[in-house]
Each structure stands twice: as structure tokens, then as C-alpha cells.
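Start at 1 with the first residue, then count along the sequence. Note that these values count all heavy atoms, side chains included, but never hydrogens, waters or copies made by symmetry.
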Amino acid sequence: MKGLELSERYYEAYGKRMLDEKFPELKGRIAAGLVGQGSECLGFDDAISADHDYGPSFCLWLSKEDYAKYGKALQKEYDSLPKTFEGVGARQASSHGGGRVGVLCIPDFYYGLTGVGQAPKKNREWLGLSETALCAATNGKVFEDPSGEFSHIREGFLAYYPEDVRIKKIAAQAAGMAQAGQYNYARAMKRGERVAAMLSLAEFTKNTISMVYLLNKKYMPFYKWMHRGMKELPLLSEIGDILNLLAQTEEQSKAWEGAGTEDYLYVLNTNDQRVIIIEAICNIILQELTAQGLTEGEDNFLENHTMQILGKIEDEEIRWL
């Protein structure tokens, strides 16, 4: 059973009754759900994931005032709930998994994940937030939130980056894709620097995945789940399959044998299968950038589009930052 489903069923079976019987004075003031760090909050957990931070559990979110007054007593009752449920054993928290479930203070929960207690008001403040942290703060499911306090903050983050911030990040990823994949990979291969070439491919892959999430207006998850999450995206999910092909393509040293200093400066080495795949990915990205009105022209070298993309930003401070 997926962790998110297990969590909700466990709350319905035991959590609600505990709150009704032990804390009737808090009725209408507690939010419940499962949100935060961990594959189960993304719905990506599987049999391998069940060895840690998996088991019957849920989150109870309280206002700062209620947490100060009732937090310890409520946590004690939460800890007394049955440890096993529907054949699933007790949750085995990892060394870094403590504090993910149980009784939590609403502002502390969001601050702990993102570094801020609510969605920022200014563009520059948005730029300083970790995208994977924003994903963790907005994933999972809220089972109920009668007061709306928890969901109000959540909805502020779910509204996504202001458009100027999104465009700024898109320009950065376009430059990163071009620099790592279209430029430095070939130069590393020509020099015989195989580790540098591998690192270039890794940077290109990371920048590409980030670009796809930005074009979908979705926060990108922790690196372990970046590629897996692409399957759920409505736009450009096919790039995930192409990146899988890139990762499986054998090392291409033979394609660069005999290459001189002046070779392949302005012409692609199409003997290298990785080069062909990189250019195909960049072309698909370019088509979507054009469709979203962020650039125009057919130059496949993405770095040559960054100034056009930046020109779409209205906030001058952000544009030239």
C-alpha cells in the first residue's frame, strides 16, 4: 500500500477518534494530512522505500498558540496510537526522518522546510528559495483543514513562482544546458577528459530536468526523484525518456579519435551519439520556449536565446540580477 493511502486510512481509523474524544476543545482548529519530505509524500514510494520512514503515521498541524498549549499532550496521545495497522508494521524512522510526522506547529513546519513562514511578496525573495523545498512544502495531501490556516499558506506556495521569477530561472537553465551539454561536453571529449565529459552530461541532465519543470510551472522534487516525477508532467514528459536514452548510450571516445584543435568548433560531431541526443533535447526545449512566447528564431544553441528570454522580464532588478 502506498504510504499516502496508508496515512489517510490510519488517520480515519484512529486519528479522528482520538481528537474527538481527547481534544474536543480543538474541534475545527486542527489540520491533518501528510506533507513534506519523503517519497511517500510524492506518491513515489515502493517496496524498496518501505525499509525506512514508512508505516502508519500522519501529521497534525496546529496554530502557534494551540501548539504551545496542547502540543505536548497531543503528541503523547498520538504516540499511544496503535503502532501497526492493516498488516503494516510500525514506522521505522531513519536517523534523519524524525519530526516528519506527529504534532507540528504550522509556521514552524513551513519555516523548517522553506526558510520562510509563508509565500514571499517580493520577486527577489522568491529567488532565494530552494525549489525542492517548495516541492516538499506543497506535495502530499491535506486530509482536512477546517480552520484553513494550514491550507492558506500552502495555497500561497502552490500559486507558483511569479512569472518574472520563472522566466529568470528559465534563462538560467537555458544557459546551463547550452554551456554543459552543447559546449563543454564536446570540448571535454576532444581533450580526452572523460570525467569532465561525464560531469558535463550530469549538469546538462540536471539543467534540462529543471527546465522541463519550469515550463510546466511545477516545483522540481529532490534530485533522486527529479526524473521519476517527469512522468507526471503534462508538457515535455517525453524528454524523460530521451534522457534515459542518453544515460544508456555507451561511452563515445571512438567518435573523437583523431580530432584536432580546430575540429568541431562550429560543426557538430554527429559521430557522437550523445551529441545527437543533446541537440534533439535542446530542439524540443526551443520549440516549447517559442510556444510560450519566450523566444523566437531557429538557432538551436540555447545560450543565444538567453537575452531574448531575459527581455521578457518586467522587473528590471530581477532581469539584470
Side-chain angles (χ1 to χ4, degrees), residues 37-51 130-132 135-136 139 169-257 259 264 267-289 300-303 305:
Q37 297 171 321
S39 58
E40 69 278 10
C41 296
L42 293 164
F44 297 162
D45 53 313
D46 53 22
I48 296 174
S49 310
D51 68 335
S130 161
E131 186 172 359
T132 58
C135 177
N139 62 18
K169 288 178 172 288
I170 285 172
Q173 298 310 333
M177 289 176 66
Q179 187 72 10
Q182 294 181 288
Y183 183 76
N184 276 328
Y185 168 73
R187 294 172 76 85
M189 290 298 290
K190 191 159 62 172
R191 290 188 173 109
E193 294 283 353
R194 303 302 177 241
V195 173
M198 181 176 65
L199 291 171
S200 295
L201 288 176
E203 284 295 308
F204 172 76
T205 300
K206 183 175 68 175
N207 289 324
T208 298
I209 294 174
S210 178
M211 174 70 89
V212 171
Y213 278 93
L214 287 163
L215 291 171
N216 276 275
K217 298 185 179 181
K218 297 287 186 182
Y219 296 125
M220 181 175 65
F222 179 61
Y223 78 88
K224 183 168 66 172
W225 301 113
M226 289 175 182
H227 181 259
R228 166 64 179 82
M230 295 178 76
K231 295 179 181 179
E232 318 295 330
L233 299 175
L235 295 175
L236 307 176
S237 60
E238 70 273 16
I239 288 182
D241 295 330
I242 303 174
L243 287 173
N244 208 34
L245 178 63
L246 180 62
Q248 294 177 41
T249 301
E250 64 182 12
E251 209 270 341
Q252 297 288 299
S253 295
K254 290 184 179 180
W256 297 90
E257 289 178 355
Y264 307 120
V267 178
L268 298 176
N269 182 359
T270 54
N271 294 318
D272 186 322
Q273 296 301 304
R274 288 171 172 171
V275 169
I276 296 173
I277 295 170
I278 288 168
E279 290 300 318
I281 290 172
C282 290
N283 185 259
I284 296 171
I285 292 294
L286 177 59
Q287 291 179 50
E288 185 58 34
L289 290 171
N300 211 52
F301 189 52
L302 292 181
E303 189 167 322
H305 293 270

> Which atom pair, heavy atoms only, marks the closest approach of His227 to Gly240?
Replying inline: NE2-O, 2.8 Å
>> Determine whether Val275 and Tyr264 satisfy the following criterion, side chain to side chain contact (heavy atoms under 4.5 Å, CB included), listing intermediate values before the conclusion.
In response: CA-CA 11 Å; Val275 169; Tyr264 307 120; over 6 Å; no
>> What's the separation between atom CD1 in Ile209 and atom CG in Leu243, rounded to the nearest 0.5 Å?
In response: 5.5 Å
> Which value, rounded to the nearest 0.5 Å, describes the distance between Leu302 atom CG and Thr208 atom OG1?
Replying inline: 8.5 Å
> Out of curiosity, Gln173 CD to Ile285 CD1, how far, rounded to the nearest 0.5 Å?
Replying inline: 10.0 Å
> Is there a donor-acceptor contact under 3.5 Å from the side chain of Gln182 to the main chain of Asn300?
Replying inline: yes
>> How close do Ser200 and Ala180 get, counting heavy atoms only, and between which atoms?
In response: CB-O, 3.4 Å
> Can you tell me if Gln252 uses its side chain to pair, donor with acceptor, with the backbone of Gln273 under 3.5 Å?
Replying inline: yes
> What are the two closest heavy atoms between Tyr213 and Met226, and how far apart are they?
Replying inline: OH-O, 2.8 Å
>> Can you give me the closest heavy-atom contact between Leu235 and Glu288, atom names plus distance?
In response: CD1-OE2, 3.8 Å
> Hey, are the side chains of Glu251 and Met189 touching, using non-hydrogen atoms and a 4.5 Å cut-off?
Replying inline: yes
> Taking atom CD1 of Ile278 and atom CD1 of Ile242, what is their separation to the nearest 0.5 Å?
Replying inline: 12.0 Å
>> Quick one, Cys135 with Phe222, criterion side chain to side chain contact (heavy atoms under 4.5 Å, CB included). Give me CA distance, side-chain angles, the key distance, then yes/no.
In response: CA-CA 8 Å; Cys135 177; Phe222 179 61; over 6 Å; no
> Would a distance-only check, ignoring hydrogens and angles, find a side-chain to backbone donor-acceptor pair under 3.5 Å from Asn269 to Ala255?
Replying inline: yes
> How long is the gap from CG on Leu215 to CD1 on Ile170, to the nearest 0.5 Å?
Replying inline: 4.5 Å
>> Is it true that Glu279 and Asn283 share a donor-acceptor pair across their side chains at a distance under 3.5 Å?
In response: no
> After noting the C-alpha distance and the side-chain angles of Asp272 and Ile276, does the key distance pass the side chain to side chain contact (heavy atoms under 4.5 Å, CB included) rule?
Replying inline: CA-CA 7 Å; Asp272 186 322; Ile276 296 173; over 6 Å; no
> Out of curiosity, Lys224 NZ to Leu42 CG, how far, rounded to the nearest 0.5 Å?
Replying inline: 10.0 Å
> Of all heavy-atom pairs between Leu236 and Met230, which one has the smallest distance, and what is that distance?
Replying inline: O-CE, 4.4 Å
> Closest approach of Arg194 and Ser253, non-hydrogen atoms and distance?
Replying inline: NE-OG, 2.8 Å
>> Tell me whether the count of non-hydrogen atoms from other residues, nucleotides or ligands lying under 6.0 Å of OH in Tyr183 goes above 12.
In response: no
>> Using modelled atom types and a 3.5 Å cut-off, is there a donor and acceptor pairing between side-chain atoms of Glu250 and backbone atoms of Gln248?
In response: no
> Yes or no on side chain to side chain contact (heavy atoms under 4.5 Å, CB included) for Thr132 and Tyr223, after CA distance, side-chain angles and deciding distance?
Replying inline: CA-CA 8 Å; Thr132 58; Tyr223 78 88; over 6 Å; no
> Any side-chain heavy-atom pair from Ser210 and Met220 closer than 4.5 angstrom?
Replying inline: yes
> With a cut-off of 6.0 Å (strictly less than), are more than 12 heavy atoms of other residues, nucleotides or ligands near NZ of Lys190?
Replying inline: yes
>> Do the side chains of Lys254 and Glu257 get close enough for a salt bridge, i.e. N-O under 4.0 angstrom?
In response: no
>> Over 60° means perpendicular and under 30° means parallel, so tell me whether Tyr185 and Trp256 are parallel, tilted or perpendicular.
In response: perpendicular
> Would you say the side chain of Asn139 lies within less than 4.5 Å of the side chain of Pro221, judging by non-hydrogen atoms?
Replying inline: no
